[in-house]
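Here the structure comes first, spelled out in structure tokens, and everything after it is commentary.
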Number of protein chains: 2
Amino acid sequence: MVTIKTIAKLANVSNTTVSRALNNSPRITPETKTKILKIANELGYEPNLNARSLVTNKSYTVGLFFSNITSGTSRSFLTEAINAFYKYLSHSYTLSINAINDLPNFESINHRFDGICIISQSTDDDAFINYVTSQRIPVVVLNRRVSMTNVPNVYFDEYLAARQIAEYGVKLGHKRFGLIQGICNFASSVNRQRGYIETLKRYDINLGKSLIFPGDYTMQSGYRAMKQILLMQEPPTFVFASNDDMAMGAYKACAELNVHIPDDISIVGFDDSDFSEYLTPALTTVQKPITDMGKIGIQWLSQLMSKEALPEIVCAVPPELMIRNSVKKINY
Amino acid sequence: MVTIKTIAKLANVSNTTVSRALNNSPRITPETKTKILKIANELGYEPNLNARSLVTNKSYTVGLFFSNITSGTSRSFLTEAINAFYKYLSHSYTLSINAINDLPNFESINHRFDGICIISQSTDDDAFINYVTSQRIPVVVLNRRVSMTNVPNVYFDEYLAARQIAEYGVKLGHKRFGLIQGICNFASSVNRQRGYIETLKRYDINLGKSLIFPGDYTMQSGYRAMKQILLMQEPPTFVFASNDDMAMGAYKACAELNVHIPDDISIVGFDDSDFSEYLTPALTTVQKPITDMGKIGIQWLSQLMSKEALPEIVCAVPPELMIRNSVKKINY
DNA sequence: TCCTATGATGTAAACGTTAACACAGATGAT
DNA sequence: ATCATCTGTGTTAACGTTTACATCATAGGA
């Protein structure tokens, strides 16, 4: 194994000088430096990160924490977040993927991460968020608005997005609205629901319990819910499925019962998943800019890790309604 | 920071004894052990992995390497692989996600991983695979069949899968076949293509160049290719899209041109993505058991990391044709 | 009683790196 | 010419663990 000492011996200098050459310190002459670098190169020297970590007390690893990995988190969400992170994170860091749910105990994160990004889906994660901040590990929380005021937080305004959906439906003349819910204890789900219902109420439309159908963000649950909806005596003309996956399930239910979208019923989804444009009809949905969130998140985290102060600590990324062909205008 | 020394002082024993208590060595009395463990617990002691790594020369990290992360790898593929790995990997290991493409140099993996799993998509990865084996890092290669004979390899028989697709089409009486290709330098793509074409040839069906359409595994490329196909004077009755994403694109093209699946044209995909069942009509496709591969892979890797020998070194996971409703039987 | 074997614990070195401090020679100001 | 400053390099300790080896007490056999 070639170490700093090997190089030092060959170059006839001390360990420190080698270390300086490798970490391009200013306290070294260019000649010595190139000489050492040359030897290091020839020997294929690669620093032992563990040794370095031990003394610098850095792990050169950043942790990406999801609430859950093996279930509950949609695939597109997971990949898009990982993609964004991988893309924008400096390659000198190792990216480690974790699930809060699977942590044997919070302490197990100690010494492991220079920075942590939490993609949080529910308030269940609050204990973990608090632990991380208590350990003074640089952290940013993505996705949902958190209640702690001192935690860097870039979130997506689900409420506003849902409001846009409701308003869009109202504008197009719909009177009877339906909702397929997401997973109950996910913040995304409750905020989408609140935004939708409260906005409709403003337009004097009451979304009764009979028009709210349970779902769990899976295609199958969307399919089931839509089947129920279509069996109603007077089904809604506008259905908001809390995510695109469920909207896709709803599409299938419609197809099976020979109900035409958007002529017979209008559907809107949420997320703007890659497939939503390719459904027939193309799904009207709202874009959740996960990549943007990831980009800002990793930028903030990098700043925190290099002990820079953040100009702002909370940031909302705006929703964008993607109007396609799954909603029709109602004429009276 | 609470270290072994802190505990040692409080327990009135030496560092070594504490270390022994923590690593449940037999050379310690149960009483001392419980006493030390109690103190450690109260202090919320967590070992410094870097220090441990330095002396044991283990990183407690396994690396999951994709050929590419930010492009070229389909989302479902990426997530399913990560999911499987995360699920089956012992939690004492950190899971780190990497892309071979983005590696500054091969040496940068040194000291970082106790084991490496490569999800390889093309022979471009061979240099990396060779490097890893040359470093004697435990490694398994997943997904494609590799040429090196000494590398643990669990792969999916794309050729066989494509053969099943072709035979299925022939059996249902189709005579005119078409193909939408995947990414050219991906092993999956060339094997699917070979399996399809060579099988058809056995049934005296020649797949001319005019019936092969380029694609890149994206929905859009499937859409484009299908548009071209449907514009032909005498389009094929059976089209194999090299993955489900492209099949979905093809669906859209058909819808736009008012071509009915499967009445006017039959389509089969590949991967059995989660959405394929929810398309209308449900997509006939072939299941690629990524989760199974991951499970075997992680099992092998675990054995290798604990220096156990592998009973077998290469394993093919079988394809399963998922017959749904996108192919019709041709009657003459 | 003495010796040996055994079992529990301690001592100290080692892992590979960084960094505080020391040192010597050169440079520049007076 | 003298002294202070600077610059390049070396010395050494430190990071928190594990582990080979040493030590010491105790038990058991003769």
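Note that these values count all heavy atoms, side chains included, but never hydrogens, waters or copies made by symmetry. Lettering follows sequence order; numbering is per chain, from 1. Only a predicted model underlies this, so the values are computations on that prediction, with no experimental measurement involved.
In summary, the side chains of Asn110(B) and Tyr131(B) do present a donor paired with an acceptor at a separation below 3.5 Å, with no hydrogens or angles considered. Using a 3.5 Å distance cut-off with no hydrogens or angles, the side chains of Asn83(B) and Tyr88(B) do not pair a donor with an acceptor. In this model, a donor atom of one side chain and an acceptor atom of the other lie less than 3.5 Å apart for Asp114(A) and Ser59(A).
Between the CG atom of Asn12(A) and the C1' atom of dT9(D) there is a distance of 13 Å, given to the nearest Å. The separation between Glu46(B) atom CD and dT17(D) atom P is 10 Å, rounded to whole Å. The distance from atom CZ of Arg20(A) to atom P of dG8(D) is 10 Å, rounded to the nearest whole Å. For the pair Lys58(A) NZ and dC15(D) P, the interatomic distance rounds to 18 Å; values are reported in whole Å. Atom pair Lys33(A):NZ and dG8(D):C1' shows a separation of 14 Å (rounding to whole Å applied). In this structure, CG of Leu49(B) is placed 18 Å from P of dC15(D), rounded to the nearest angstrom. At whole-Å resolution of the value, NZ in Lys35(B) and C1' in dA8(C) are 12 Å apart. As rounded to whole Å, 13 Å separates atom C1' of dC15(D) from atom CE of Met1(B).
Thr29(A) has a side-chain polar atom (N or O) that falls below the 4.0 Å cut-off from OP1 or OP2 of dT9(D). Of the side-chain N and O atoms in Ser14(B), none sit less than 4.0 angstrom from OP1 or OP2 of dT11(C). Checking the phosphate oxygens (OP1, OP2) of dT17(C), a side-chain nitrogen or oxygen of Tyr45(A) falls inside 4.0 Å. At the phosphate of dT17(C), neither OP1 nor OP2 sits under 4.0 Å from any side-chain N or O atom of Ser19(A). Distances shown here put every side-chain N or O of Arg52(A) at or beyond 4.0 Å from the OP1 or OP2 atom of dG16(C). OP1 or OP2 of dT17(C) has not a single side-chain nitrogen or oxygen of Asn50(A) nearer than 4.0 Å. Side-chain nitrogen and oxygen atoms of Asn15(B) include none within less than 4.0 Å of the OP1 or OP2 phosphate oxygen of dT18(D).
Residue contacts shown for Ser53(A) are absent, as no nucleic acid heavy atom lies under 4.0 Å away. No contact: Asn57(A) has no heavy atom under 4.0 Å from any strand.
Listed nucleotides: dT17(C), dG10(D), dT9(C). Nearest to the side chain of Ala51(A): dT17(C). Considering only side-chain atoms of Ile28(A), the nucleotide from dT9(C), dG16(C), dT9(D) that sits closest is dT9(D).
Thr34(A) contributes a side-chain N or O that, together with a main-chain N or O of Pro30(A), makes up a donor-acceptor pair within less than 3.5 Å.
Residue-to-nucleotide proximity on DNA chain C shows that, of Thr17(B) and Leu54(B), the 5′-proximal contact is made by Thr17(B).
Ring to ring, Phe65(A) and Phe113(A) are close: their centroids are under 6.0 angstrom apart.
In terms of polar N and O atoms assigned as donor or acceptor, the side chain of Thr16(B) comes within less than 3.5 Å of the base of dA12(C) in a complementary pairing. A donor N or O paired with an acceptor N or O is not found under 3.5 Å between the base of dG10(D) and the side-chain atoms of Arg27(A).
Every residue two or more places apart in sequence or in another chain was checked for a salt bridge (charged side-chain N to carboxylate O under 4.0 Å, His left out) with Glu46(A), and none qualifies.
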